[in-house]
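Only one structure is covered here, and it is reproduced in the block below.
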Amino acid sequence: MENNGLKLLKDELLKRQNKNPHYSLRSFAKFLEVAPGALSEILSGKRALSTKMTLKISKKLGLSNMEVKELFVEGNFQKRRELMLESDLFNVISNWYHFALLNLIDTKDFVWSVTWISKRLGISILQVKESLELLERVELIRKKESTYEVVEHGTIKSPEGIPSEAIKKYHDTILSKAKNSLYEQDIEERDISGISFVLNHKDLENLKEDIARFQDEIIEKYGQGKKEEVYHLEMALFRMSEKE
C-alpha cells in the first residue's frame, strides 16, 4: 500500500505538471534540491526517504507538522522504520544506553533482567529501570506479563540538521566512549581510523548522502538476526581548515 507521504509527493508533482505540461521530474528534483535519480527511486518505491532528505523536502514544500510526520514515519516502514525523535524521543537519544539496550535485546541469550542488563551495558540498575520506563513510554517496548517485549522497530535515526542539546550530548558521550575504547579494548575488538581530504563545499550534501547510504548498507549486511555483542559505528565528518 502506498503511504501518505509518498502520495503527497506524487500529488505535488502532478499538480505542478497540470499547471505546466513541460514540468518534469528533473525540474521537481531541482526545486527540492534532490538528485533526480534519487527522487525517481523514491517515487517508484525503490528507495525510502532518509532523515536528511525528508527534512529538506518538507522545508521546500512548506509542509505542516502532520505532513512531515507522514513523510518521515510512514515513508520508512517498508524496510527500516525511522522515527522522528521529538519530545520523549529526544530524551531517548540524550543518553547512549537507551539505544544500546534496544540493540542488546537482539543479542544471543538475552535475559530480561535489570541486573543482567546492568552488567552487560556497564550502567546502574537505576539507569536500566529508567531506560525501560522511557522506552515503554515512547512505545518501543511494552509490558508482557513480568517482563517486556519489543515493539517491532528498525534503526532509529536522529533528525539531522535540527539543533538539539540532546543530540549533541549523545554524540559527545559516544565520542568519549570511542576514546576510552582505545585504552580499554584490544585492537581485535575495535577499528578506529580516519582520513583527511579536500572537498568542494558544493559536494558536501552529496557526500552526506553517500555516508547515509553506506550506513544503511552496513545495517543491511551485518545488523540482521541475533548477534553476540552491541557495537556502535560513529562517523565524524567535519571541516579541519578555517574559513577565509
Side-chain angles (χ1 to χ4, degrees), residues 1-90 92-93 138-140 152-164 166-168 198-221 235 237-239 243:
M1 179 181 292
E2 183 175 88
N3 63 72
N4 292 336
L6 185 56
K7 183 177 184 300
L8 186 148
L9 273 180
K10 289 183 176 180
D11 288 347
E12 179 65 26
L13 175 58
L14 182 61
K15 180 175 70 174
R16 291 167 182 254
Q17 289 178 332
N18 286 337
K19 290 182 178 180
N20 179 8
H22 300 291
Y23 194 86
S24 64
L25 184 144
R26 182 173 293 274
S27 300
F28 193 37
K30 183 177 181 180
F31 169 76
L32 296 176
E33 297 181 358
V34 173
L39 181 61
S40 176
E41 290 181 351
I42 290 170
L43 294 176
S44 63
K46 296 179 181 179
R47 177 175 177 176
L49 283 166
S50 68
T51 305
K52 179 176 64 62
M53 196 174 296
T54 299
L55 294 175
K56 178 188 291 186
I57 289 175
S58 64
K59 182 178 180 180
K60 295 296 292 185
L61 294 180
L63 302 181
S64 68
N65 290 337
M66 180 59 69
E67 289 169 328
V68 172
K69 183 178 179 181
E70 289 175 346
L71 267 176
F72 191 90
V73 180
E74 295 183 15
N76 288 276
F77 265 40
Q78 297 174 358
K79 279 193 173 182
R80 302 171 60 243
R81 183 186 301 174
E82 297 183 356
L83 302 178
M84 189 67 164
L85 304 179
E86 297 174 336
S87 60
D88 273 344
L89 290 178
F90 272 111
V92 171
I93 199 175
V138 298
E139 299 181 348
L140 291 176
E152 181 186 357
H153 70 280
T155 300
I156 303 172
K157 291 187 175 179
S158 62
E160 299 177 34
I162 297 180
S164 168
I167 295 177
K168 293 176 184 177
V198 293
L199 179 72
N200 290 324
H201 185 72
K202 65 182 180 63
D203 295 325
L204 187 56
E205 286 303 312
N206 289 333
L207 176 57
K208 289 181 180 180
E209 288 185 15
D210 289 340
I211 292 174
R213 188 157 43 245
F214 167 73
Q215 292 174 332
D216 289 340
E217 291 173 355
I218 290 292
I219 291 294
E220 188 69 25
K221 184 174 181 179
M235 303 186 67
L237 173 69
F238 58 94
R239 178 172 46 81
K243 288 185 176 180

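The figures that follow rest on heavy atoms only: side chains count, while hydrogens, waters and symmetry mates do not. This one's a predicted model, so the numbers in the text were calculated from it and none came from an experiment.
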Fill in the blank from the handout: Asn206 meets the side chain to side chain donor-acceptor pair (under 3.5 Å) criterion, sequence neighbours left out, with none
Fill in the blank from the handout: One should read off an interatomic distance between Leu43 CG and Leu13 CG, to the nearest 0.5 angstrom, of 6.5 Å
Handout entry: Ion pair check, Glu12 and Arg16, cut-off under 4.0 Å
Key = yes
Problem - Pairwise side-chain hydrogen bond (donor to acceptor under 3.5 Å, both in side chains) hits with a residue in residues 26-45, at least two apart - result: Ser24-Ser27
Handout entry: Backbone of His22 reached by a side-chain donor or acceptor of Asn20 within 3.5 Å
Key = yes
Problem - Heavy-atom pair of closest approach, residues Ile42 and Leu9 - result: CG2-CD1, 4.2 Å
Exercise for the section: Taking all non-hydrogen atoms of both residues into account, name the closest pair between Phe28 and Leu61 and its distance. Expected result: CE1-CD2, 4.4 Å
Exercise for the section: Using a strict cut-off of less than 4.0 Å between a Lys/Arg side-chain nitrogen and an Asp/Glu carboxylate oxygen, indicate whether Arg213 and Asp216 qualify as a salt bridge. Expected result: no
Practice task
First locate atom CG of Asp210, then atom CD of Gln215, and finally report the distance between them rounded to the nearest 0.5 Å.
Solution key: 11.5 Å
Fill in the blank from the handout: For Ala38, the side-chain contact (heavy atoms from CB on, under 4.5 Å) test, sequence neighbours excluded, returns Val34, Ala35, Arg47, Met53
Completion exercise
So NZ of Lys208 and CG of Asp203: to nearest 0.5 Å the spacing works out to 12.5 Å
